[in-house]
Amino acid sequence: MPPKTLLIPSLLDAHWPLLQWAFQSPAWTPVVLEGDRAEVEHLGLGRAHNDLCYPFILITGQVLHALRSGKYDPARTGVLISQTGDGCRGSCLIRLLRPVLDREGFAQVPLLSFNVRGVERTSALPLSPTMARRALAAAFWGDALLLMGNQIRPAERHAGETEALIRRWVEILSGDLTANRNLSPAAILRRCRKMARDFQAVELEPDRPIQNVALVGDIYSKYCSLGNWNLLRFLERHSCRVGVNGLTWYALYYLDSHLETGPLPTRLGGKLLAALGGPMQRRFIGILRAAGFAVLPPYRALKTLARELNATRCALGSGWLLAAETAAWVHTGYRKVLSGLPFQCLPGHIYGRGQYAALQRKLPGSLIAGVDYDASLRDGTVENRVRMLVDTEL
């Protein structure tokens, strides 16, 4: 019997084209969802209370849009939901989404939980060594494409060359992942060196005026164009080079701060991944820096920086990582920092926004601004807020 379809809602634009293959198995074929924001937002709002977090509204709309499209047999389709297992309401997505699908006639569609905290154990997607190896490779390769692509694209002489290069490498790396090839730590980093050489070769326009702007905040608003309303492209159209830190930093933060509880095998596996990922990340950073790309310090150095800022007390959501990334980007030359948060992200609003004033005082010569994303807002409101940051002279 052929595998069933595993629908994956948007979250990680640069990583899902690769990371999806971690979930390919004889049981499942992954499909990363897309969809027009206005349409999925409308669907989600009609079935969720508007006091729920904005990502849940979009995820609900995306899932319903896909199941109603007729492309997928509901009897042979599942939905993958990632859950942090902390104070983020994203940990409750399965319990919130299940009644919605039942009312809409999709009770037969299973919701599979992807987390390492033992949340929704009866719905847990089984983890395997193959999945872990593929996920590790996809995380580093996705980081390489994200970091180098964002720095090269605004300055490219020939429009579209960077995106074409990214598409070529996604095809190559997807072949590696599906064939379980080049997945050792040394081979993963060799691929990163080859990618760095290719991105170095992209011809740039040296006289084009470009300013640096960093993007921090909630993971959904930071990495997902659906969640941040195509913020990266908006900034690039206004001659900005956007710094978005890689996913491996967040993964190490999560493994370091969220695995005090949970099943023993999972905790031990998390410690093993962290022990392997830390040295790999340092070598990865060395490769990109040697090729001339700006990269934030390794995870442990970021944590030290957060301690100096007195910001390590909270690890809910993006927690202290938001403050550490903000300071690190300013030290790297990205003196304008935009913090993107979805409406009703309580940890983000309380802890994230609560740090702006203190960070601003501790980072002279920088400018930190926050922007919220919510279904009640229109594009012009958000874009004007972003332009206030971009147009301010430092």
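Position 1 is the first residue of the sequence, and the numbers go up from there.
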On a heavy-atom basis, the closest approach of Thr392 and Lys336 is O-NZ, 2.5 Å

Could you check whether any side-chain N or O of Arg157 sits under 3.5 Å from a backbone N or O of Glu203, counting only pairs where one atom can act as donor and the other as acceptor?
no

Tell me, do Leu296 and His331 make a side-chain contact under 4.5 Å, heavy atoms counted?
no

Using atom types as modelled and distance alone, determine if a side-chain donor or acceptor of Gln24 lies under 3.5 Å from a backbone N or O of Pro30.
no

Side chains of Val295 and Trp249: closer than 4.5 Å at any heavy-atom pair?
yes

Keeping the roles fixed (side chain from Arg282, backbone from Pro298), state whether a donor-acceptor pair exists under 3.5 Å.
no

Taking all non-hydrogen atoms of both residues into account, name the closest pair between Ala196 and Ile287 and its distance.
CB-CG2, 4.5 Å

Assign the ring pair Trp320 / Tyr299 to parallel, tilted or perpendicular, where the plane angle (0 to 90°) is split at 30° and 60°.
tilted

Rounding to 0.5 Å, atoms CG (Leu18) and CG (Leu177) come to a distance of 6.0 Å

Counting N and O atoms only, with roles assigned by atom type, does the side chain of Arg335 sit under 3.5 Å from a partner on the main chain of Gly365, one being a donor and the other an acceptor?
yes

For Leu247, does its backbone N or O pair with a side-chain atom of Asp143 as donor and acceptor, under 3.5 Å?
yes

Exercise: identify the closest heavy-atom pair between Pro3 and Ser25
CB-O, 4.0 Å

State the CG-CG distance between Leu19 and Leu11, to the nearest 0.5 angstrom.
9.5 Å

Tell me if a side-chain donor or acceptor on Trp141 pairs with a main-chain N or O of Ile188 at a distance below 3.5 Å.
yes

Please name the pair of heavy atoms, one in Leu7 and one in Ala66, separated by the smallest distance, quoted to 0.1 Å.
CD1-CB, 4.0 Å

Chi angles and distances behind the side chain to side chain contact (heavy atoms under 4.5 Å, CB included) call for Leu226, Gln62:
CA-CA 10 Å; Leu226 180 64; Gln62 262 198 321; 3.8 Å; yes

Using the ring centroid of each side chain, check whether Tyr373 and Tyr54 are separated by less than 6.0 Å.
no

Is the closest side-chain heavy-atom distance between Val31 and Tyr72 below 4.5 Å?
yes

Going from CG on Asp372 to OG on Ser339, what distance comes out if it is rounded to the nearest 0.5 angstrom?
8.5 Å

Strictly distance-based, threshold 3.5 Å: is any side-chain N or O of Arg37 a donor or acceptor partner for the main-chain N or O of Asn230?
no

Out of curiosity, does Leu276 fall in the hydrophobic cluster containing Ile285 (side-chain heavy atoms, cut-off under 4.5 Å, transitive links)?
yes

Check: Thr332 side chain, Tyr334 main-chain N or O, donor-acceptor pair, under 3.5 Å
no

Does Met280 reach the side chain of Thr248, with side-chain heavy atoms less than 4.5 Å apart?
no

Verdict with supporting geometry, Val100 and Leu96, side chain to side chain contact (heavy atoms under 4.5 Å, CB included)
CA-CA 7 Å; Val100 175; Leu96 293 169; over 6 Å; no

Establish, from distance only, whether the side-chain atoms of Arg134 and Asn180 form a donor-acceptor pair under 3.5 Å.
yes

As an exercise, state the distance from CD of Glu171 to CG of Asp176, rounded to the nearest 0.5 Å.
11.5 Å

Within a 6.0 Å radius of atom NE2 on His158, are there more than 12 heavy atoms belonging to other residues, nucleotides or ligands?
yes

Could you tell me the separation between the CG atom of Leu45 and the CD1 atom of Ile57, rounded to the nearest 0.5 Å?
4.5 Å

Report the C-alpha separation of Tyr250 and Leu12 in whole Å, then their side-chain angles, then the decisive distance to 0.1 Å, and conclude whether the side chain to side chain contact (heavy atoms under 4.5 Å, CB included) test is met.
CA-CA 12 Å; Tyr250 182 86; Leu12 307 164; over 6 Å; no

Taking the side chain as C-beta and beyond, is there a heavy-atom pair between Arg300 and Thr304 under 4.5 Å?
no

Return the orientation label for the His15 and Tyr223 ring planes: parallel under 30°, perpendicular over 60°, tilted otherwise.
perpendicular

Should the heavy atoms of other residues, nucleotides or ligands under 6.0 Å from CD of Glu34 be counted, would the total exceed 12?
no

Compare all side-chain heavy atoms of Leu231 with those of Leu338 and state whether any distance is below 4.5 angstrom.
yes

Got a second to check how far Leu67's CG is from Phe106's CZ, nearest 0.5 Å?
5.0 Å

Taking the basic N atoms (NZ, or NE/NH1/NH2) and the acidic carboxylate oxygens, is any pair closer than 4.0 Å for Glu308 and Lys362?
no

If you measure from the Lys or Arg side-chain nitrogens to the Asp or Glu carboxylate oxygens, is any gap between Arg233 and Glu383 under 4.0 Å?
no

Exactly one of Arg167, Arg153, Glu156 should register a side chain to side chain donor-acceptor pair (under 3.5 Å) with Thr162. Which one does?
Glu156

Answer yes or no: is there a side-chain heavy-atom contact under 4.5 Å between Leu321 and Lys303?
no

Near Lys4 NZ, under 6.0 Å, is it more than 12 heavy atoms from other residues, nucleotides or ligands?
no

Intermediate values then yes/no, side chain to side chain contact (heavy atoms under 4.5 Å, CB included), Leu33 and Trp16:
CA-CA 10 Å; Leu33 295 179; Trp16 271 137; over 6 Å; no

To check you understand the geometry: which heavy-atom pair defines the closest contact between Trp28 and Thr5, and what is its length?
CZ3-O, 3.4 Å

Is the backbone of Gln211 close enough, under 3.5 Å, to the side chain of Ser239 for a donor and an acceptor to pair up by distance?
no

For Asn245, is there any backbone N or O sitting under 3.5 Å from a side-chain donor or acceptor partner on Glu325?
no

Please tell me if the side chains of Phe234 and Asp379 come closer than 4.5 Å, counting only heavy atoms from C-beta onward.
no

Note: Lys194-Asp198 ion pair, threshold 4.0 Å (strictly below)
no

Taking all atoms of both residues into account, what is the closest heavy-atom pair of Ile81 and Ile59, and its distance?
CD1-CG2, 4.3 Å

If hydrophobic clusters are built from ILVMFWY residues whose side chains come within less than 4.5 Å, do Leu136 and Ile172 share one?
yes

